[in-house]
Amino acid sequence: MDILRSPFFYVGDKYKLMPQLNKLFPKEIKTYYEPFCGGGSSFLNTKAERYIVNDINFYIFKLHKLFKQNAKKEEFFVNILFDLIKKYGLSCSYIGINVPEELKKKYVKTYYAKYNKEAYKKMRDDFNINQANFYLLYLLLIYGFNHMIRFNSQGLFNLPVGNVDYNNNVAKAIKSYLNFLALNNVILKNFDYKIFLKKQSFEEKDFVFCDPPYLISQSEYNKIWNTEEEKKLYEILDDLDKRNIKFGLTNLAYHKGNKNEILLKWSEKYNCYSVNSNYISFNDNTIKKDSKEIYVTNV
Ligand SMILES: C[S@@+](CC[C@H](N)C(=O)[O-])C[C@H]1O[C@@H](n2cnc3c(N)ncnc32)[C@H](O)[C@@H]1O
């Protein structure tokens with residue numbers, strides 16, 4: 001099975017781990033539940049009869065919704081994006097709107113950022129006027145620094161331009177996600193994980209996969225995570241186990257000299273595997289070899 005990349009290129013994206021994780025997931029999954037779905041790389045690479053996926057982040061939820069609503073309308077969807085790209089004057093290597101050669105020579109490593117800077121700012125200002133056009137938000141994510149979704153304390157999208165554009169990888173990821181949504185039953189939710197899990201009535205052969213924020217590393221979404229949340233999540237998973245509901249969880253056990261004691265202690269009750277990841281933090285793009293990620297499951 002080819003690994004599909006989510007078109008959101010989300011920080012903490014699990015796509016590289018999916019071949020390893022899939023081997024440890026139940027062989028047959030009826031409903032796949034994912035309370036912290038982020039960009040969606042995990043469910044996108046898992047076979048199930050249906051998917052009920054959730055994230056607390058309203059904007060990533062809206063972006064998934066935008067894709068779902070366009071699942072069977074790929075041409076319509078990408079044409080809206082291309083029209084906006086042309087309207088703002090962004091580069092788009094996928095459709096041959098290239099950065100001029102002289103700029104490429106002058107700014108060998110940063111020419112996309114140089115070329116797109118003003119157009120990106122205009123697009124960001126327009127989005128911030130009423131934040132209702134999620135096509136604009138998607139393009140802000142694609143052209144933005146590290147493909148992040150970030151808002152300031154006044155609620156304005158405030159990420160600077162990135163050094164990328166809409167290229168073949170973006171086009172491929174859009175196509176495969178729209179195709180996945182067209183062929184599969186995917187239900188999207190926008191709750192806190194505790195409420196999301198409480199609302200479900202699980203059946204045999206269902207599976208809950210959790211990829212929560214990491215307690216011991218830094219990331220935009222880790223700001224809303226803490227020790228209390230971590231403990232609560234493990235209590236909920238213990239409860240699922242008592243009810244014979246299968247679950248799996250990935251998390252960082254060690255990172256930059258930090259150790260997640262709560263996780264390590266809790267994991268002793270279940271099956272625990274080491275998974276190889278090249279952990280990249282958003283504010284530190286170097287690959288950290290002193291990180292250890294684990295997968296804990298009652299399967
Ligand atoms: C590690 S990321 C998931 C990445 C995802 N597996 C992927 O491949 O893109 C964790 C996610 O948990 C979400 N999150 C944080 N706190 C949450 C909460 N209390 N309830 C639900 N989702 C939450 C964040 O918005 C973030 O998208």
> Could you walk me through whether Tyr32 and Glu34 pass the side-chain hydrogen bond (donor to acceptor under 3.5 Å, both in side chains) check?
Replying inline: CA-CA 7 Å; Tyr32 171 94; Glu34 196 176 344; 2.9 Å; yes
>> Determine whether Glu293 and Lys14 satisfy the following criterion, side chain to side chain contact (heavy atoms under 4.5 Å, CB included), listing intermediate values before the conclusion.
In response: CA-CA 11 Å; Glu293 183 143 3; Lys14 279 287 160 304; 3.2 Å; yes
> For Asp55 and Lys189, what are the C-alpha separation, side-chain angles and deciding distance, and is it a salt bridge (charged side-chain N to carboxylate O under 4.0 Å, His left out)?
Replying inline: CA-CA 7 Å; Asp55 200 283; Lys189 301 284 177 191; over 6 Å; no
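If you check the side chains of Arg150 and Asn158, you find a donor sitting under 3.5 Å from an acceptor. Side-chain N/O atoms of Tyr88 and Asp83 include no donor and acceptor closer than 3.5 Å. Asp165 and Tyr115 share no side-chain donor-acceptor pair at under 3.5 Å. Between the side chains of Asn184 and Glu49, no donor-acceptor pair is found at a separation under 3.5 Å. Residues Thr297 and Asn271 bring no donor and acceptor atom of their side chains to less than 3.5 Å of each other. Side-chain contact of Ser217 with His255: a donor-acceptor pair under 3.5 Å is absent, judged by distance alone. No hydrogens or angles considered: a donor-acceptor pair under 3.5 Å links the side chains of Asn251 and Glu230.
Side chain of Asn116 to main chain of Tyr120: no donor-acceptor pair is present (N/O by atom type, distance under 3.5 Å, no hydrogens or angles).
Atom CD of Glu261 sits about 10.0 Å away from atom CG of Leu263, to the nearest 0.5 Å. Note that CG of Asp211 is 8.0 Å distant from CG of Leu249, once rounded to the nearest 0.5 Å. Distance CG/Leu178 to CG/Asn70: 7.0 Å, rounded to 0.5 Å.
Each of Asn190, Val186, Leu181, Leu188 was compared with His64 under the side chain to side chain contact (heavy atoms under 4.5 Å, CB included) criterion, and only Leu188 meets it. When each of Phe67, Tyr10, Tyr15 is paired with Tyr177, the ring pair (Phe, Tyr, Trp, His ring centres under 6.0 Å) condition holds for Phe67 and for no other.
Residues Lys121 and Asp125 are not paired through a salt bridge, judged by the lack of any N-O separation under 4.0 Å between the basic side chain and the carboxylate. Using a cut-off of 4.0 Å between Lys/Arg side-chain N and Asp/Glu carboxylate O, Lys105 and Glu102 are scored as not salt-bridged. Classification of Lys122 and Asp126 as a salt-bridged pair holds, one side-chain N sitting under 4.0 Å from a carboxylate O.
Heavy-atom neighbours of Lys175 NZ from other residues, nucleotides or ligands within 6.0 Å: at or below the threshold of 12.
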